[in-house]
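Worksheet: the structure to be examined is printed underneath.
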Amino acid sequence: MESFSADRLNNVKEYYFSRKLREVSSLINNGKPIINLGIGNPDLLPPETVVKSLKKCFINPKHSQYQSYQGIPELRQSISKFYKNHYSVNLDYRNEILPLIGSKEGIFHISMAFLNPGDKVLVPNPGYPTYKSVSNLIGAETVEYKLEQNNNWQPNINELNNINLNGVKLMWINYPNMPTGAHFQEDILKELIEWGRKNKILIINDNPYSFILTSSPKSIMSISGSEDACLELNSLSKCFNMAGWRVGMLVGASDKIKSVISVKTNIDSGMFYGIQKAAISALEISNSWFEKLNYEYSLRKRLIFKLAKKMSLKYETNTSGLFIWAKIEDSLINSEQFIDEMLYNKHLFFAPGNIFGSQGEGYIRISLCVNQNEIKTAISRLN
Ligand SMILES: Cc1ncc(COP(=O)(O)O)c(C=O)c1O
């Protein structure tokens, strides 16, 4: 029988982790003591005030009703304050902010709002796989731009100028970078914004890691010229340990936010009131939260370096975000072979670098979302 699925599914596969974690789960169910160092799923609790705010919202029946499509004004006001306090960016809460049910859905809404079938999109290689798969789902054409270690995994304007930009409407960037841990470099992004303006390409910075192991949080919207040339996605998943709560945001010029609202309001019917109130509590939290969080991640990071050394991997130490991006020294073994060997023989799971693009071949990504004891156990398995 012919496939019943839509043709658009010919261009996308099930998300790698959705597939591979089924295998990991079945190994666990068969009694294998797997330590999952593969995914960026924060394992620590959200701030106490966040949980308290949520708990208050179960009594009033109004709080169980559908909520505003654009998020309650109070949430947009607190996002506006958050951007002002942490990134020195002024945003009008009335029309320059759109709360999202996680930033991943924003990638879909943005693509739906700005891309016609056949339009071209610049996606990073290596990069978060969703930029490419969502573009494919909606019939846009992805054009990869290379990030290279010898250029600190930053976009290279000379290389971008060598690409045929005819039909390119949009460019995804992600600084601090996942999977490489490269920093947000203001001078480079300033140059990129000018390049985007010249070529009429909308640049979108996907920014969920700005508070994790950085010297200070940065937003592309703080760079002059970005106002009408860029959008930014942000998320509470990583910086407040709220990945499963699904809260993110899109910020930028009101005309572009309006286009995304036209898509989003036809797909979901708002976010649970309690989660919006909880998000407000998170956004209001003092800097000591981030200091405590980063202290824990810095201790884990040191242990992960030990683990990486035991596997004879090469890595940079001065990086941001929730991952260590490590190079396999043995050129005879590829990323997937390496992680399968570790999975089956040592019961350690890592993400193979090639799932982020061909430039990730020869690398693995190690997550910091694992407690110190488990990392020590992982190290001992390699003795
Ligand atoms: C680069 C990047 N963008 C977006 C996301 C999605 O985050 P959210 O939980 O806000 O949907 C992730 C999650 O891992 C990510 O690594």
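Numbering starts at 1 and runs along the sequence shown. Read the numbers this way: they start at 1 and go in the same order the structure lists the ligands and their atoms. Keep in mind that what you see is a predicted model, and the values were worked out from it rather than measured. The basis for the numbers below is simple: all heavy atoms, side chains too, and nothing from hydrogens, waters or symmetry mates.
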*asked:* Which residue and atom name correspond to the protein heavy atom nearest atom 14 (O) of ligand 1, and how close is it?
replied: Lys238 NZ, 2.9 Å
_Would the distance check show the side chain of Asn294 and the main-chain N or O of Leu213 forming a donor-acceptor pair, the cut-off being under 3.5 Å?_
yes
*Please write down residue, atom name and distance for the protein heavy atom closest to atom 7 (O) of ligand 1.*
Ser103 OG, 3.3 Å
*Protein contact to atom 16 (O) of ligand 1 [nearest heavy atom, distance to 0.1 Å]*: Tyr209 OH, 2.7 Å
*Which atoms of ligand 1 have any heavy atom of Gly102 under 4.0 Å away?*
10 (O), 11 (O)
_Tell me whether Glu96 is salt-bridged to Arg76, with the criterion being a basic N under 4.0 Å from an acidic carboxylate O._
no
_Using a strict threshold of under 4.0 Å (side-chain N to carboxylate O), is an ion pair present between Asp228 and Arg197?_
yes
_Using heavy-atom distances only, which candidate in Leu100, Asn207, Leu236, Asp206 approaches atom 2 (C) of ligand 1 most closely?_
Asp206
_Below 4.0 Å, non-hydrogen atoms only: which portion of Pro208 touches ligand 1? Side chain, backbone, both or neither._
side chain
*Is the shortest side-chain N to carboxylate O distance from Arg246 to Glu105 below 4.0 Å?*
no
_cation_pi(Lys327, Tyr363) dist<6.0 Å, angle<=45_ = yes
*Atoms in ligand 1 with a heavy atom of Asn174 nearer than 4.0 Å*: 1 (C)
_Numbered atoms and elements of ligand 1 in range of Arg246, under 4.0 angstrom, heavy atoms_ = 8 (P), 9 (O), 11 (O)
*salt_bridge(Lys346, Glu341) N-O dist < 4.0 Å*: no
_I'd like to know if Arg300 pairs up with Glu296 as an ion pair, taking the criterion as any Lys NZ or Arg NE/NH1/NH2 lying under 4.0 Å from an Asp or Glu carboxylate oxygen._
yes
*Are any of the N/O atoms in Lys104 less than 3.5 Å from those in ligand 1?*
yes
_Show me which atoms of ligand 1 lie under 4.0 Å from any heavy atom of Ser235._
8 (P), 10 (O)
*Ser226-Lys190 side chain donor-acceptor pair, cut-off 3.5 Å*: no
*May I ask you to identify the nearest protein heavy atom to atom 9 (O) of ligand 1, giving residue, atom name and distance to one decimal place in Å?*
Ser237 OG, 2.6 Å
